[in-house]
2 protein chains.
Amino acid sequence: MIQSRLLDIAIREFGIKGLEGASTRGIAQAAGTAMSSITYHYGGKEGLYLAAADRIAEHMAETMAEPLADEQSIETDDADGARAGIHNILRRLADKMASDANTEWTLFILREQMRPTAAFDRIYGGVMGQMVDTLASLICVATGVREIRTARIATITLAGQVLGLRAMRATCLRLLDRETLTADDIADIKARIDANIDAILDSMQGTA
Amino acid sequence: MIQSRLLDIAIREFGIKGLEGASTRGIAQAAGTAMSSITYHYGGKEGLYLAAADRIAEHMAETMAEPLADEQSIETDDADGARAGIHNILRRLADKMASDANTEWTLFILREQMRPTAAFDRIYGGVMGQMVDTLASLICVATGVREIRTARIATITLAGQVLGLRAMRATCLRLLDRETLTADDIADIKARIDANIDAILDSMQGTA
DNA sequence: GTCTATACTACGATAGAC
DNA sequence: GTCTATCGTAGTATAGAC
């Protein structure tokens, strides 16, 4: 399937180099085909970029479908269940952000976060918006906080901790004196994040 | 001063569009000069990019000099002072990350974090490395934690919360239903971050 | 559908006038 | 120092053969 290989390469190249930095020639060559097949299948560079965003949204939906489905059925008085749901979602996200295997599409998303294009709508409108909304709802249930705005702001800080694994990767590596993050590093960081989540939720519960 | 204007525009363009995305022609035109003056003053696009990184490092050094100088004189048994220092540093960083006025160079740094070039050495080797090292030391003092690795991992999560303001900006705006962050938004987010810091440090203190 | 050819544009670098 | 003019390269898009 040339289409599929083209998309995989595109996600990698766009993620690493950005929309302007990546070249259709380079993508086509890496996929082992002619550049004009990009025009044929996707209408051009822009179309390929948007298709890459759609595929990323799909991929995200697959990995997040299970925890999101579970968590949306939580009762409004099940604080412990809500807390477990928050951990579940963020842990899964942390796996993606920490692993080198997911570098390409996490970078793609981060670029869109910093400077959104039409591609961001496709990603956020997919499972991503649903994910942060669910997190905010779960925070309300877990802490007893009533104002959704408060929960949303907490969502930003909780997700920020996790996104930081990718967004400040260079600093992480220097600070830990590594070339890449080891399995031990990732385990320790995830443990720290889990502890932070509990500490933060506890503190919100106290003031609610 | 044509040099100064050229650098300002360069930081903006490189920050927004990245090294490949920005064009020397565009930068020169926006600065009101000929493209060849970039060659004359900086030797080329690469040289201009590195000069922009140096200027960003300077700017960061100016805004962080005071809190870093204060904090390095903290006694090893002054847990409260250390905690205040952590708040001080992260609050100042949060101001920069939240404000639209600093969009250009914060984006520049984030790009380098995601995909470091020689420019990252100049930024990290300046005040940035010093900042995260100081944070880790202060965390040790504030919590009684002995292992520097534990403190460094906590540093990553604390800084991640703050960096998230820029790195997930698009999600922040959608979640709060805004075009740009208002002063109220920023105040609320900073208050949440302050509370989170205390909650996290408390939880580390308990287990140390 | 996939390829080769080519057209057109924009880029960075450089030479040389002033 | 700053400008104009130009060169070579790399980019995207497109037409047309198969």
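Here is the naming used below: chain letters follow the sequence lines, and residue numbers restart at 1 for every chain.
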Nearest-Å distance for atom pair CD/C1', residues A:Gln3 and C:dG1: 10 Å
Touch class at under 4.0 angstrom, heavy-atom based, for B:Ile38 against every strand present: nothing
Anti or syn - C:dA5, cut at 90° from 0: syn
Please write out each protein N/O paired with an N/O of nucleotides 14-18 of chain C under 3.5 Å, distance rounded to 0.1 Å.
none

For A:Arg55, all residues meeting salt bridge (charged side-chain N to carboxylate O under 4.0 Å, His left out), sequence neighbours excluded: A:Asp8
Without placing hydrogens or testing angles, list every side-chain donor-acceptor pair under 3.5 Å for residues 57-66 of chain B, not counting sequence neighbours.
unit_1  : atom_1 : unit_2   : atom_2 : d
B:His59 : ND1    : B:Trp105 : NE1    : 3.3
B:Thr63 : OG1    : B:Met60  : O      : 3.2
B:Glu66 : OE1    : B:Arg92  : NH2    : 2.8

Please report, to 0.1 Å, the donor-acceptor pairs under 3.5 Å made by any side chain of residues 9-32 of chain A, with sequence neighbours excluded.
unit_1  : atom_1 : unit_2  : atom_2 : d
A:Glu13 : OE1    : A:Lys17 : NZ     : 3.1
A:Ser23 : OG     : A:Gly26 : N      : 2.9

Selection from D:dT12, C:dT2, C:dC3 that lies nearest to any side-chain heavy atom of A:His41: C:dT2
Under 3.5 Å, sequence neighbours excluded: what are the donor-acceptor pairs made by side chains of residues 127-139 of chain A?
unit_1   : atom_1 : unit_2   : atom_2 : d
A:Thr134 : OG1    : A:Gln72  : NE2    : 3.4
A:Thr134 : OG1    : A:Gln130 : O      : 2.7
A:Ser137 : OG     : A:Asp133 : O      : 3.1

Contacts of type side chain to side chain donor-acceptor pair (under 3.5 Å), residue A:Gln161, not counting sequence neighbours: A:Asn196
Neighbours of DNA chain C within residues 20-30 of chain A, by heavy-atom distance under 4.0 Å: none
Length of the NZ-P vector between B:Lys45 and C:dA13, whole Å: 8 Å
Pairwise side-chain contact, B:Ile156 with A:Leu176, heavy-atom cut-off 4.5 Å (strictly under): yes
ring-ring contact (aromatic ring centres under 6.0 Å, His included) partners for B:Tyr42, two or more places apart: none
Whole-Å gap separating C1' (D:dT12) and NZ (A:Lys17): 16 Å
Nucleotide D:dT2, atom P - distance to CZ of B:Arg5 in whole Å: 10 Å
Sidechain N-carboxylate O distance under 4.0 Å for B:Arg178, B:Asp184: no
Dot-bracket notation for DNA chain C, counting Watson-Crick and G-U pairs under 3.5 Å, with | for partners on another strand: ||||.|||||||||||||
B:Asp177: salt bridge (charged side-chain N to carboxylate O under 4.0 Å, His left out) partners, not counting sequence neighbours: none
Sequence-distant partners of A:Asp95, side chain to side chain donor-acceptor pair (under 3.5 Å), two or more places apart: A:Lys190
Phosphate-side-chain proximity, B:Tyr40 and D:dG1, N/O vs OP1/OP2 below 4.0 Å: yes
Separation of atom CG in B:Leu6 from atom P in C:dG12, rounded to whole Å: 13 Å
All side chain to side chain donor-acceptor pair (under 3.5 Å) counterparts of B:Asp202, not counting sequence neighbours: B:Arg83
